There are 2 protein chains.
Amino acid sequence: MKVSTKGRYAIRLMIDIGIQSNGYVRLKDVARRQEISIKYLEQIVGLLQKAGLLLSSRGAHGGYRLSKDPYDYNMGEILKATEGSLSPVSCLEDEVNNCLRYNICSTIKFWQGLNDVINEYLDNHTLGELMEIEKNLKEKNIDYSI
Amino acid sequence: MKVSTKGRYAIRLMIDIGIQSNGYVRLKDVARRQEISIKYLEQIVGLLQKAGLLLSSRGAHGGYRLSKDPYDYNMGEILKATEGSLSPVSCLEDEVNNCLRYNICSTIKFWQGLNDVINEYLDNHTLGELMEIEKNLKEKNIDYSI
DNA sequence: TGATTTCCTAGTAAACCCATAGTATAATCA
DNA sequence: TGATTATACTATGGGTTTACTAGGAAATCA
Ligand code: FES
Ligand code: FES
């Protein structure tokens with residue numbers, strides 16, 4: 001019942017890129033700030049870009065930037081892009097690969113309910129919100145250091 | 001973000017044992033009804049018993065039975081006994097193995113919120129409820145077969 | 001051209017999941 | 001008591017997933 005590093009790193013990466021407001025952000029810098037291997041970030045960022053959540057620019061002075069307003073991203077779409085399905089049991093996954101016990105199963109409704117509360121939470125929180133928290137946190141840290 | 005088979009099988013096993021109202025239930029029968037390997041069930045049942053959720057009786061006519069009223073079990077405790085911690089990120093796990101970025105992390109509140117909605121859902125659903133669904137399902141199936 | 005940065009594909013060590021095997025131990029009944 | 005039945009406990013292995021690491025091709029800019 002864990003979100004993998006891919007999903008967690010993706011969120012931190014999106015916040016980091018979103019907060020650098022000007023132009024494209026190099027992965028090298030994200031890696032340094034977030035203390036995550038650049039090679040691993042490359043893989044994660046590939047998933048986000050394929051899902052249309054990030055835009056890229058190759059070559060010198062290249063990098064990544066958000067493809068839309070931070071408040072238009074919900075956490076569900078970011079996690080789904082990196083984690084795949086978020087449903088807590090595979091029986092809920094898709095119609096193709098259906099569970100054989102689906103019709104005689106007394107637990108599926110219970111799992112469906114869990115899936116619903118998880119998705120409702122994730123879909124109602126935006127990247128913009130988390131960026132605000134990050135900004136506040138940074139200000140506080142600057143205050144303390146004075 | 002998946003509940004493993006251990007947790008899912010544990011719930012089905014608890015429902016199965018709970019529904020056989022008289023005396024101890026043999027694992028062999030549970031295995032047959034639920035189509036789960038008896039040897040794998042042994043491992044799972046061991047965890048549930050250690051957590052005090054089941055009582056066992058060895059020897060002939062032995063087996064397992066619930067240790068309390070079905071409505072006094074919530075799904076959270078059953079899953080915790082088999083899955084371990086249910087928190088969606090390890091940063092929330094325990095104070096001992098703390099995340100180094102905890103104090104400068106802008107995402108921890110978000111994860112805490114997710115953890116809260118999950119636990120609220122799980123703690124507010126009981127084994128008794130699921131047993132009712134199972135009973136209704138059985139009745140329906142009997143009706144159809146007539 | 002040369003420096004830089006993304007993009008793509010393999011590879012790997014460790015962890016975890018699922019299941020099987022075998023032995024030990026206890027209860028029951030003839 | 002001795003045979004039978006049934007659970008407890010321990011060990012182990014194959015398969016999959018996770019979390020990285022590595023190398024190099026392709027694209028872009030100065
Ligand atoms: S076991 Fe798959 S639907 Fe319940
Ligand atoms: S990364 Fe551990 S608390 Fe945020």
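Below, chain A is the first sequence line, B the second, and so on; all start at residue 1. None of the values given here were measured: they were computed from a predicted structure.
The distance from atom CD of A:Glu83 to atom P of D:dT17 is 14 Å, rounded to the nearest whole Å. The nearest whole Å value for the distance from the CG atom in A:Leu47 to the P atom in C:dC8 is 11 Å. Taking atom NE2 on A:His61 and atom P on D:dC29, their separation rounds to 9 Å, with Å as the unit. Atom OH of A:Tyr40 and atom P of C:dA13 are 17 Å apart (whole Å). Between the CD1 atom of A:Ile38 and the C1' atom of C:dT5 there is a distance of 8 Å, given to the nearest Å. For the pair B:Ile44 CD1 and C:dC18 P, the interatomic distance rounds to 8 Å; values are reported in whole Å. Atom P of nucleotide C:dC17 and atom CE of A:Met1 are separated by 14 Å, given to the nearest angstrom. Distance CG (B:Leu48) to C1' (D:dT7): 15 Å, rounded to an integer number of Å.
Contact between the side-chain N/O atoms of A:Tyr64 and the OP1/OP2 oxygens of C:dC7 is found at a separation under 4.0 Å. Between C:dT5 and A:Arg26, a contact under 4.0 Å exists linking OP1 or OP2 to a side-chain N or O. Look at A:Ser4 and you'll find a side-chain N or O under 4.0 angstrom from OP1 or OP2 of D:dA19. Between A:Ser56 and C:dC7 there is a side-chain N or O to OP1 or OP2 distance below 4.0 Å. At the phosphate of C:dA19, neither OP1 nor OP2 sits under 4.0 Å from any side-chain N or O atom of B:Ser37.
Nucleic acid contact for A:Gly63: sugar-phosphate only, since backbone atoms but no base atoms lie under 4.0 Å from a heavy atom of the residue. Base engagement by A:Gln43 is indicated by at least one non-hydrogen atom pair under 4.0 Å involving a base atom. Among the protein residues, A:Tyr24 comes within range of no part of the nucleic acid, since none of its heavy atoms lies under 4.0 Å from any strand.
For A:Lys39 against C:dG11, no side-chain N or O and base N or O form a donor-acceptor pair under 3.5 Å. On a pure distance criterion of 3.5 Å, no polar donor-acceptor pair joins the side chain of A:Glu42 and the base of C:dT9.
One finds a salt bridge joining B:Glu93 and A:Lys2 here, because a Lys/Arg side-chain nitrogen approaches an Asp/Glu carboxylate oxygen to under 4.0 Å.
Side-chain contact check for B:Trp111 versus B:Leu92: some heavy-atom pair is nearer than 4.5 Å. Annotation: side chain of A:Ile133 is not in contact with side chain of A:Glu129 (no heavy-atom distance under 4.5 Å).
In this structure, B:Lys68 places its NZ atom where more than 12 heavy-atom neighbours from other residues, nucleotides or ligands lie under 6.0 Å away.
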Exercise. Can you check side chain to side chain contact (heavy atoms under 4.5 Å, CB included) on B:Tyr73 and B:Leu66, steps first, answer last?
Worked result: CA-CA 10 Å; B:Tyr73 291 94; B:Leu66 301 188; 3.6 Å; yes
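Side-chain N/O atoms of B:Asp116 and B:Gln112 include a donor and acceptor closer than 3.5 Å.
Closest approach to the B:Thr5 side chain among C:dT6, C:dC18, D:dT21 is made by C:dC18 (side chain taken as heavy atoms from C-beta onward). Side-chain proximity of A:Leu27 to D:dT28, C:dT6, D:dC9: nearest is C:dT6. For A:Ala60, the side-chain atoms get nearest to D:dT28 when compared with the rest of D:dT28, D:dA6, C:dA19.
Toward the 5' end of DNA chain D, the nearer of the two residues A:Lys6 and B:Lys28, judged by each one's closest nucleotide, is B:Lys28.
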